[in-house]
Amino acid sequence: MCPQKADIRDAIKANIGQITLDGLKRNRRAHDTPQGPVIRFNNKNLINFCSNDYLGLANHPALITAMKQGVDQYGVGAGASQLVCGYTTAHEKLEERVSAFTGRQRAIIFSSGYLANLSIVNTLLDRADMVLGDRLNHASMIDAARMSRAGFKRYWHVDTDALRNLLQAPGAGKKLVMTDGVFSMDGDIAPIPDLFRVCAEMNAWLAVDDAHGFGVLGESGGGTVQHYGLSAQEVPILMGTFGKALGTAGAFIAGDEDVIEQFIQSARTLIYSTALPPALAFATVRALDLINEEKWRREHLYALINRFKKGARELGLSITGSDTAIQPLLTGAAEKAVELSRQLLEKGFNVVAIRPPTVPNGTSRLRITLTAAHSEAQVDQLLDVLSVLG
Ligand SMILES: *Cc1c(COP(=O)(O)O)cnc(C)c1O
């Protein structure tokens with residue numbers, strides 16, 4: 001007799017049953033308003049504190065106009081991958097603007113940050129090689145390493161000594177260290193200069209995923225590398241996304257001529273995927289202009305961050321000391337985060353609970369994010385309700 005075969009439907013049922021029991025079931029809520037400080041669910045307005053639209057550009061009138069102009073000029077879909085016939089002058093212009101903005105020789109556009117990260121590992125490394133990643137790196141970098149042929153090791157969060165030890169392990173292969181610039185769930189800024197020093201010492205390359213720093217950090221919004229003043233020599237692979245501070249969608253990798261040429265020649269998530277809609281590239285160029293033209297957005301965002309931190313400290317809330325727009329409120333237990341999020345919803349605030357596996361066990365949290373579109377009054381309202389809910 002052949003043994004009972006595993007059944008996919010049984011496995012699904014068991015899995016959903018288990019995550020429901022564990023309080024880890026995730027639910028989506030559809031809203032019918034633009035991204036902004038107030039969004040509407042089921043005819044109820046909610047003050048929104050979980051968007052990554054850090055500069056409040058996603059619904060900016062100038063960006064909407066640019067998107068429409070882009071559609072008028074280029075139509076809607078790109079029609080093919082960049083290497084076939086999906087590459088337009090809008091993509092080209094955006095690449096030039098991103099290179100200038102980040103102080104790199106060249107940049108290349110991907111349809112998403114997730115796809116860009118997959119290609120970073122697959123394009124640069126092979127079987128004998130090794131990826132080293134911070135334990136709190138974004139899932140897309142973890143997946144990139146796991147889906148590649150390279151080996152993969154993780155070091156304790158921002159622990160450069162642990163990284164050095166891992167890099168000392170014998171092995172002839174190439175080594176790539178990957179880190180978030182700003183950690184997506186904790187909001188702390190990676191110690192990139194220290195990481196670079198270890199990489200230089202151990203002949204490894206450093207790749208920085210600046211999804212949460214690009215457009216926000218640095219003198220002119222150039223991101224984490226501008227914040228620290230790091231060149232393409234020090235951070236040869238710089239990745240950033242357009243779906244967060246820039247208010248559009250898509251991502252880039254920036255670096256020197258040779259590095260970017262290598263991606264054009266062999267990045268599979270670029271070659272085998274339809275190009276970003278050209279109107280989005282067109283609108284993203286406008287978003288880069290807006291970052292320069294409306295510096296007040298970053299200034300206002302930083303004023304709100306300070307206001308929130310000061311208020312939260314006075315209330316004795318368990319914030320982490322993050323200096324960025326990401327201000328996690330740790331609850332520890334997943335149920336507690338979910339319950340707090342539910343109570344906030346009742347009071348008219350949208351703040352999602354972040355639970356395992358997105359964050360390590362026992363570190364569930366409310367991930368509060370501030371944006372330039374919030375008012376001081378809205379931040380004060382959030383603090384008021386948090387003081388009541390404890
Ligand atoms: C959001 C995010 C990504 C993925 O970018 P998408 O363009 O949304 O696919 C990658 N890395 C980090 C750190 C992120 O926060």
Side-chain angles (χ1 to χ4, degrees), residues 26 28 35 50-55 57-58 78 91 94 98 102 107-123 131 133-148 154 157-158 176-192 195 206-217 223-225 227 235 237-254 263 267-270 273-277 280-281 283-284 287-288 322 324-328 352 354 357-360 365 367-371:
R26 297 159 185 250
R28 300 175 302 164
Q35 194 55 247
C50 46
S51 167
N52 300 316
D53 180 24
Y54 300 124
L55 298 178
L57 295 182
H91 297 97
L94 178 57
V98 166
T102 55
I108 183 159
I109 310 301
F110 285 77
S111 296
S112 80
Y114 189 99
L115 293 177
N117 276 339
L118 292 190
S119 269
I120 287 175
V121 180
N122 272 300
T123 302
V131 185
D134 189 289
R135 280 201 171 256
L136 297 188
N137 272 354
H138 188 262
S140 58
M141 274 183 279
I142 296 170
D143 293 356
R146 284 191 182 146
M147 290 179 197
S148 76
R154 298 165 83 177
H157 184 48
V158 303
L176 179 71
V177 175
M178 296 184 91
T179 183
D180 279 36
V182 173
F183 286 89
S184 57
M185 295 300 134
D186 292 72
D188 54 328
I189 304 171
I192 314 274
L195 291 170
L206 182 58
V208 173
D209 171 343
D210 208 20
H212 300 276
F214 182 62
V216 183
L217 290 183
T224 308
V225 293
H227 170 82
V235 178
I237 309 290
L238 174 62
M239 185 284 235
T241 65
F242 303 133
K244 286 159 183 154
L246 274 77
T248 61
F252 69 85
I253 296 172
F263 283 103
R268 296 174 70 84
T269 62
L270 178 89
S273 185
T274 300
L276 186 77
L280 268 169
T284 305
L288 288 171
S322 152
T324 66
I326 303 166
Q327 292 290 327
V352 293
I354 305 284
T358 305
V359 291
R365 66 200 63 192
R367 179 176 179 270
I368 295 166
T369 51
L370 303 169
T371 77

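Nothing here was measured: the structure is a model prediction, and the numbers come from that model. We count ligands from 1, going down the list as the structure has it; atoms in each ligand are counted the same way.
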Colleague: Atoms of ligand 1 less than 4.0 Å from Thr241 heavy atoms?
Modeller: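 That gives atoms 5 (O), 7 (O) of ligand 1.
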
Colleague: Under a 4.0 angstrom heavy-atom cut-off, which atoms of ligand 1 come close to Gly113?
Modeller: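 In order of numbering, the contacting atoms are 4 (C), 5 (O), 6 (P), 7 (O), 9 (O).
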
Colleague: Got a donor-acceptor contact below 3.5 angstrom from the Asp209 side chain to the Ala211 backbone?
Modeller: yes

Colleague: Asp180: which residues meet the side-chain hydrogen bond (donor to acceptor under 3.5 Å, both in side chains) condition with it, sequence neighbours left out?
Modeller: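 Per chain and number, Asp180 pairs via side-chain hydrogen bond (donor to acceptor under 3.5 Å, both in side chains) with no residue.
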
Colleague: Of all the atoms in ligand 1, which lie at a distance below 4.0 Å from a heavy atom belonging to Ser112?
Modeller: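 Here the atoms of ligand 1 in question are 7 (O), 9 (O).
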
Colleague: Within the distance-only criterion (no hydrogens, no angle test), does the side chain of Thr324 pair as donor or acceptor with the backbone N or O of Gly187 below 3.5 angstrom?
Modeller: yes

Colleague: Test of understanding: with ring-ring contact (aromatic ring centres under 6.0 Å, His included), list the residues that count as partners of Phe263, not counting sequence neighbours.
Modeller: none

Colleague: Any non-hydrogen atom of Lys244 lying under 4.0 Å from ligand 1?
Modeller: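 The answer is yes: ligand 1 sits under 4.0 Å from a heavy atom of Lys244.
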
Colleague: So, for Tyr114 and Asp143, which heavy atoms are closest and what is the spacing to 0.1 Å?
Modeller: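 Closest pair (atom of Tyr114, atom of Asp143, distance): OH-OD2, 2.7 Å.
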
Colleague: Over all heavy atoms of both residues, which pair between Ser111 and Leu276 is shortest? Give the atoms and the distance, please.
Modeller: OG-N, 3.6 Å

Colleague: Examine Ala211 against ligand 1 and note whether any of their N/O atoms are separated by less than 3.5 Å.
Modeller: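 No, there is no polar N/O contact under 3.5 Å.
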
Colleague: Record the part of His212 in heavy-atom contact with ligand 1 below 4.0 Å; permitted values are side chain, backbone, both and neither.
Modeller: side chain

Colleague: Backbone N or O of Arg268 within a donor-acceptor pair of the Asn122 side chain at under 3.5 Å?
Modeller: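 Absent.
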
Colleague: Can you tell me which residue and heavy atom of the protein come closest to atom 11 (N) of ligand 1, and the distance to 0.1 Å?
Modeller: Asp209 OD2, 2.5 Å

Colleague: Between ligand 1 and Gly243, can you find any atom pair, the residue atom being a heavy atom, that is separated by under 4.0 Å?
Modeller: no

Colleague: What are the atoms of ligand 1, with element, lying closer than 4.0 Å to any heavy atom of Ser140?
Modeller: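 It comes down to these atoms of ligand 1: 10 (C), 11 (N).
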
Colleague: Show me which atoms of ligand 1 lie under 4.0 Å from any heavy atom of Tyr114.
Modeller: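 Selected atoms, number and element: 4 (C), 5 (O), 6 (P), 9 (O).
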
Colleague: Can you give me the closest heavy-atom contact between Ala275 and Ala78, atom names plus distance?
Modeller: O-CB, 3.3 Å

Colleague: Any N or O of Asp180 that comes nearer than 3.5 Å to an N or O of ligand 1?
Modeller: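 N/O-N/O distance under 3.5 Å: no.
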
